[in-house]
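Residues take their numbers from the sequence shown, with the count starting at 1. Being a predicted model, the structure only gives us computed values, none of them experimental.
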Amino acid sequence: MASSGDGYGSSVLGYPRIGPHRELKRALEGYWHGSVSREELLTVGRDLQESAISELAATGITQVPGNTFSFYDHVLDNALLFGAVPTRYKPFQDSMDPLDFYFTMARGGPDYPPLELVKYFGTNYHYRQPELDATTEFSLHAEALLDELDRARTRGIELRPVVLGPVSLLLLSKIAPCETDPEFTTLSLLDTLLPQYEALFTELARRNATCVQLDEPSFTSDRTPEELAAFEKTYQRLSTSGLRPRMLVTGPYGDFGEALTILAASKVEAIGLDLASYRVKPDDLAAIPGIKRKRLYAGVISGRNVWRADRFVTLTYLNELAKVCPDLVVSTGCTLLHVPYDVLVEYEIDGNVADRLAFAKQKTTEVVSLAKALTDGPSDKWRKRPTSVHFKQKHAVRQRVYAVTDEMRQREPYEVRKVAQQKKLKLPVVPATTLGSFPHSDQIKQARYELGQGRLEWDEYRKRVQAEIEATIRLQEDIGLDVLVHGEHERNDMIQYFAELLEGFSFTHNGWVQVYGSRCVRPPILYGDVSRPAPMSVEWSTYAQSLTDRPVKGIVTGPVTMLARSFVRQDQPLYETADQVALAIRDEVVDLEKAGIGIIQVDEPAIRELLPLREKGRAEYLRWSVAAFRLATSGVRPETQIHTHIGYSGLQIVVDAIEELDADVTAIVATRSIEWVLEALQGDVSEGAGLTRGVGPGVYESRSARIPDIDELDELLTKASDAVDIDRLWANPDGGLKTRHHWQLDPSLRNLVAAARRLRRRSRS
């Protein structure tokens, strides 16, 4: 069935921007360190931008997205597109180069913290959260967007500019600390923001742009009636504004819900649905008034996993959709920012796995291929490629999962453990510690590389790692930390390191994905049944413990975080995969205890990331994710202290889940949002609310170059001590310190220790 003319269209909602070989990362870090000039950085950015546009156009895709490149973060870019500069940065805006000013907001400076770093809709990406207050004034600054549009047109390529929708821009922002009006919300600014969108539309129309894409990801989450009313008001106004291109409004990352009905009733010409995340039934779609008159961007190809789509199932579904929405464009469900560039450059992935993978280039080809098959029918060649993902099962792994009992997820009561742990560890009040990683020297990075290339013997590599561990232990002793870490110098990444030592994972050499700014990771590919052939961290932790009388934490990545930050198989329920990983981690935790490690930190910073965006399904997800963590950590004796590290969330259901994890100490990312942590700590324990175990509300922002002073840290710790019994309070950063320099880390940790000691002294007086 063909729509009309040349057949069905094809598009993607966005594309990776770091470069196939992380060219942007190297240029950014060179610029920040002074070895790359401003002009050189801008040239790299322009080259990456134009090569992505040319690459997409060459695939045969019928619509190429524009304005998807960013030097750091697209949410921050969109805030600045409309002139939303936080009040606290305005005093020095005019005195700084615009590029340096942009990076100052993203990275902070000596006397001012950066914008808060926040997870983006259940992905591994982080964005810098804009700050708004009642004095915020919007103004249009579209020069870069329009310049890209013009440059592409000179090459014969028409772009569809991608802009964050106005309501999502406001909802993704936070109220600035300077705002004092209790009635103010970021949505209060909607009426002053919309004229700037209309001004942008006018500029685009004058340049003959035929379509603009507005992403509204906030509406794939549950929204209040007031927020939905603001959404309806926005698109009634924008869709009836004067001079403008056609509008495509997308709902990436999930179910567009009520927003879909609102858009269908508006004069918006096109709607994009993430059908890879939430597959709407054609009959349900047909029941929505007005939907048949819209162009539907059917996002049937996932932008968040690396598995090829089942072509025949997908094509059948598209044919059914086309009966409801004849004007149909085959698309991705979200931007391809979250997947690597090209699977064809990976030369060591097992063929049985590689044949089932699709990175950004392959996903674009899938979109084009499906649109062609939808128009002309599938070709013989198209029929031959493998579609489903089925791998050989390991009987022993599956039998072990099936044999798990409820008792294996239980420890002795916390009060019993607390006494036993204090008797063994003898820690002071408000112990000071860090959460794992320390900066990695160039020498140890080179040693890891040479080991991987087979150019360095294991014994020599061991000696080099041990030397780094010893230096890290001595530094922590000198700083005065109470509980030490070994620094994780042997680890390339908290996920990849363990995945490489577990069976059931595959790996890439160039499968880099941007996390934020210049920070990139290579997510492992979890394709099979998971087991642990041998201990993974015991050697390094026990060596560190042998160097000091102070307790050294063993650090292990938790099962849910291993799933959240890997590309995970889709042929079995996620909870079953989680239990497989949990049993492997349980073996490691037990071996650490047997080796004499008295404190073991099982990190779960990503447990919030997999939480369904809508309330439906959240309780079930938290049930099995908490159960997996408890399975991983409940094999040790009462005197062994289990720590965990999690991301923050103000949702009560998540606070309740933190309590259910039953960790002895929970470190929480809370530097910039400590209020909800303190509120959670103060919950009515008698009614089953609040956090009753040890807590370390991170008071030092590990991702910022800023050095906090003693008084600031003392104030935050004192606030925490007002909310929790002081014998349950810990002092720690809000994350690992791998990305910091020693000149930043050393004074920050010394100030942290000093602040903890101040509070300790006051508690005795």
Side-chain angles (χ1 to χ4, degrees), residues 409 411 413-415 417-418 421-422 425 427 429-436 482-483 485 494 551 553-561 564 585 589 598-609 611 622 625-634 636 638 640-671 673-683 685 688-700 702 716-717 719-721 723-736 756:
R409 305 184 198 266
R411 296 186 72 197
Y414 170 67
E415 291 303 325
R417 305 195 312 257
K418 180 180 177 182
Q421 290 162 15
Q422 184 57 29
L425 299 171
L427 295 173
V429 173
V430 196
T433 188
T434 69
L435 299 185
D482 301 297
V483 175
V485 297
M494 68 180 292
K553 285 192 287 188
I555 311 286
V556 185
T557 303
V560 179
T561 298
I585 300 301
V589 170
I599 302 178
I600 303 170
Q601 180 176 304
V602 181
D603 288 330
E604 285 289 21
I607 200 166
R608 171 69 175 84
E609 294 168 18
L611 188 74
L622 289 171
S625 61
V626 167
F629 178 86
R630 293 180 68 149
L631 179 60
T633 56
S634 295
V636 295
T640 297
Q641 192 172 77
I642 296 294
H643 289 221
T644 191
H645 170 216
I646 65 165
Y648 69 83
S649 172
L651 294 173
Q652 184 59 48
I653 191 172
V654 178
V655 175
D656 295 343
I658 294 170
E659 179 76 358
E660 288 297 314
L661 290 175
D662 197 30
D664 298 301
V665 179
T666 301
I668 306 176
V669 178
T671 316
S673 297
I674 199 168
E675 289 78 12
W676 86 261
V677 177
L678 302 183
E679 183 178 344
L681 293 173
Q682 290 175 311
V685 176
L691 305 179
T692 64
R693 293 153 177 77
V695 180
V699 292
Y700 156 35
S702 62
L716 290 172
L717 284 172
K719 282 184 180 180
S721 70
V724 62
D725 296 337
I726 199 166
D727 64 347
R728 292 195 287 118
L729 183 64
W730 286 65
N732 49 258
D734 67 0

Closest approach of [X] to [Y] (non-hydrogen atoms, all atoms of both residues):
X      : Y      : answer
Val430 : Ala756 : O-CB, 3.8 Å
Val589 : Val636 : CG1-CG1, 3.5 Å
Thr644 : Phe629 : OG1-CE1, 3.6 Å
Met494 : Pro605 : CE-CG, 4.0 Å
Ala628 : Pro559 : O-CG, 3.8 Å
Ala606 : Thr561 : N-OG1, 3.2 Å

Could you tell me if the side chain of [Y] sits less than 4.5 Å from the side chain of [X], heavy atoms only?
X      : Y      : value
Leu729 : Pro697 : yes
Glu604 : Leu661 : no
Ile646 : Arg608 : no
Ile642 : Arg411 : yes
Arg630 : Glu660 : yes
Asp482 : Trp730 : no

To the nearest 0.5 Å, tell me how far Leu427 CG sits from Asp727 CG.
12.0 Å
How long is the gap from NE2 on His645 to CD1 on Ile668, to the nearest 0.5 Å?
9.5 Å
Using modelled atom types and a 3.5 Å cut-off, is there a donor and acceptor pairing between side-chain atoms of [X] and backbone atoms of [Y]?
X      : Y      : result
Gln641 : Gly598 : no
Ser721 : Ile726 : no
Gln601 : Leu435 : yes

Salt bridge (charged side-chain N to carboxylate O under 4.0 Å, His left out) with Asp664: of Lys418, Arg417, Arg693, only one passes, and it is Arg417
Modelled atom types, side-chain donor and acceptor of Asp603 and Thr557, under 3.5 Å:
no
